[in-house]
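See below for the structure under consideration.
Numbering starts at 1 and runs along the sequence shown. Keep in mind that the numbers below use all heavy atoms, side chains included, and drop hydrogens, waters and symmetry copies. Computed from a predicted model, the values in this text were never measured in an experiment.
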Amino acid sequence: MTDIETMSPAELAALLHFHADAGVEWLVEEDPIDRIAAFAAARAAQPVREAQGSPPALPQKQAARKQATEESKPAGARRVAVAVPDEQAIAEARFAASAAQTLIDLRQAMEGFTSCNLRNSARSLVFAEGDPALGLMIVGPAPTGEDDREGRPFTGRHGEMLERMLAAIGLAREAVVLTHVIPWRPPGNRVPSAREMEICRPFIERQIALARPRLLLAMGNFAARFLFGGQETIHETRGSWRRVAAGGHEVETLATLHPQDLLSAPICKRLAWEDLRLVQAALAKAALAKPASAG
């Protein structure tokens, strides 16, 4: 196995391109795990457990815990998954989003929206938060498990890294608007299906239209492809501004690496720094162009 510490910058860049093309967003574990050996060991131990009358297998335990957790919830808090045709769900999402006249209205509409499977499996709605006054909106892919538990975007290690990224250009988390293109965590952090993305699209576009940012920063491969379309990797889309239309509002948009990319491959911090400097320059230019208030 090749040691990442011995790889040249060109070799590491080629490896990152390969993973991005394959659809990899971030590493699940910090250290490699030999899944084949673990499976072989578990299979070899199975006859011993059966002979000893061991407890139920792990999937059964997980199912029992899930059922107990669900039954412990108040009756009104339990969610019932209802199969809704995709086209109907997309139409309902468009109607609910377009009817919202404020971000508060939109959040309430999304909290009551039940026509998306992701909503039915997630614990929390992860909605936009922050101050729109500066004019910068940062959009990530889908919520992580920690985001889902907290009900907030960019929490945990990802949030800490994002805060350091913002601090590098003199910004605080509270000074920008943070959100995700997908508002509900997919089960197991899987990639949302094409239909699920189309159901969620009206909601993120309405968030952008109502917040009316001057600049949009898309973090990571998935968010960039969601907003720009196409199948370019983050290394092909980052570093240059593009216009994105959302609900009648057009906004200059820049793609950059997700905080997890920097945690997994610290060498990418240089690329993220280049992108952040572009954001800093654009904010300074927008501030100069902003009309002075009447005195």
Side-chain angles (χ1 to χ4, degrees), residues 16 19-20 24-30 103 122 124-186 189 200 204 207-208 211 213-228 233-235 237-239 241 244 251-284 286:
L16 290 172
H19 285 306
V24 175
E25 291 292 327
W26 51 67
L27 300 178
V28 176
E29 304 288 348
E30 293 186 0
L103 286 171
S124 305
L125 165 70
V126 180
F127 192 74
E129 70 170 35
D131 189 351
L134 182 66
L136 175 61
M137 188 175 199
I138 297 177
V139 184
T144 64
E146 288 178 286
D147 299 337
D148 188 37
R149 285 190 294 273
E150 297 292 331
R152 301 179 61 214
F154 291 100
T155 62
R157 296 173 68 231
H158 297 168
E160 292 171 1
M161 176 58 75
L162 176 60
E163 288 171 13
R164 292 199 291 271
M165 294 168 71
L166 291 173
I169 56 172
L171 297 178
R173 173 192 179 100
E174 296 75 19
V176 303
V177 177
L178 303 176
T179 191
H180 293 289
V181 292
I182 303 295
W184 298 286
R185 181 201 178 206
N189 292 331
C200 293
I204 181 59
Q207 286 182 64
I208 296 171
R214 290 190 289 272
L215 303 173
L216 199 64
L217 184 61
M219 308 208 87
N221 207 49
F222 182 85
R225 287 178 175 176
F226 189 100
L227 293 172
F228 295 152
T233 69
I234 190 61
H235 293 279
T237 55
R238 59 157 294 273
W241 294 98
V244 167
V251 57
E252 291 289 338
T253 305
L254 181 74
T256 191
L257 297 157
H258 190 277
Q260 179 59 39
D261 299 327
L262 309 191
L263 292 169
S264 302
I267 196 172
C268 291
K269 290 181 179 179
R270 175 180 59 83
L271 301 177
W273 172 240
E274 293 174 359
D275 297 335
L276 290 170
R277 290 295 300 273
L278 291 176
V279 173
Q280 186 179 42
L283 287 173

Interatomic spacing from CG in L257 to CE in M161 - rounded to 0.5 Å
11.5 Å
Regarding R157 and E146, does a basic nitrogen lie under 4.0 Å from an acidic carboxylate oxygen?
no
What I'd like to find out is whether the side chain of F127 reaches to under 4.5 Å of the side chain of P153, using heavy atoms alone.
no
Interatomic spacing from CG in L276 to CG in L166 - rounded to 0.5 Å:
7.5 Å
Can you confirm whether V126 sits close enough to P183 that some side-chain heavy atom of one is under 4.5 Å from a side-chain heavy atom of the other?
no
For the pair F226 and V139, evaluate side-chain contact (heavy atoms from CB on, under 4.5 Å) and give the outcome as yes or no after the intermediate values.
CA-CA 10 Å; F226 189 100; V139 184; over 6 Å; no
Closest heavy-atom pair and its distance - D131, A133
OD1-N, 2.9 Å
Test H258 against H158 for side-chain contact (heavy atoms from CB on, under 4.5 Å), laying out the working first.
CA-CA 8 Å; H258 190 277; H158 297 168; 3.7 Å; yes
Does the side-chain contact (heavy atoms from CB on, under 4.5 Å) test come out yes or no for R277 and E274, once each step is laid out?
CA-CA 5 Å; R277 290 295 300 273; E274 293 174 359; 5.9 Å; no
Checking T237 now: which residues fulfil side-chain hydrogen bond (donor to acceptor under 3.5 Å, both in side chains) with it, not counting sequence neighbours?
none
Is any side-chain heavy atom of V251 less than 4.5 Å from a side-chain heavy atom of M137?
no
Would you check if the side chain of R173 reaches a backbone N or O of F154 as a donor-acceptor pair within less than 3.5 Å?
yes
Does the side chain of L216 reach to within under 4.5 Å of the side chain of L227, using non-hydrogen atoms?
yes
Are the side chain of D148 and the backbone of S124 linked by a donor-acceptor contact shorter than 3.5 Å?
yes
Candidate pair I138 and V177, rule side-chain contact (heavy atoms from CB on, under 4.5 Å), full reasoning:
CA-CA 6 Å; I138 297 177; V177 177; over 6 Å; no
Nearest heavy-atom approach of L278 to W241 is O-CZ2, 3.7 Å
Taking the side chain as every heavy atom from C-beta outward, state whether L136 and P213 have any atom pair closer than 4.5 Å.
no
Quick one: closest heavy-atom pair of P132 and A211, and the distance?
CB-O, 4.0 Å
Identify the two heavy atoms, one from M219 and one from A223, that lie closest to each other, and give their separation to 0.1 Å.
O-CB, 3.5 Å
Minimum-distance pair of heavy atoms, taken over all atoms of N189 and T144
OD1-CA, 4.1 Å
Nearest heavy-atom contact between I234 and A224 is CD1-CB, 4.1 Å
Option among T233, T256, D275 that satisfies the side-chain hydrogen bond (donor to acceptor under 3.5 Å, both in side chains) test with R238:
D275
Is it true that E129 and R152 make a salt bridge, defined as a side-chain N closer than 4.0 Å to a carboxylate O?
yes
When you measure from the side chain of H180 to the backbone N and O of I182, does any donor-acceptor pair fall under 3.5 Å?
no
Using modelled atom types only, decide if a donor and an acceptor are shared between the side chain of D147 and the backbone of T155 within a distance under 3.5 Å.
yes
CD (Q207) and CD1 (I204) are apart, to the nearest 0.5 Å, by 4.5 Å
Flag side-chain contact, heavy atom, 4.5 Å: L178 against L162:
yes
Calculate, to the nearest 0.5 Å, the distance between atoms CG and CG belonging to L254 and L215 respectively.
9.0 Å
Roughly how far, to the nearest 0.5 Å, is the CG atom of L134 from the CG atom of L171?
6.0 Å
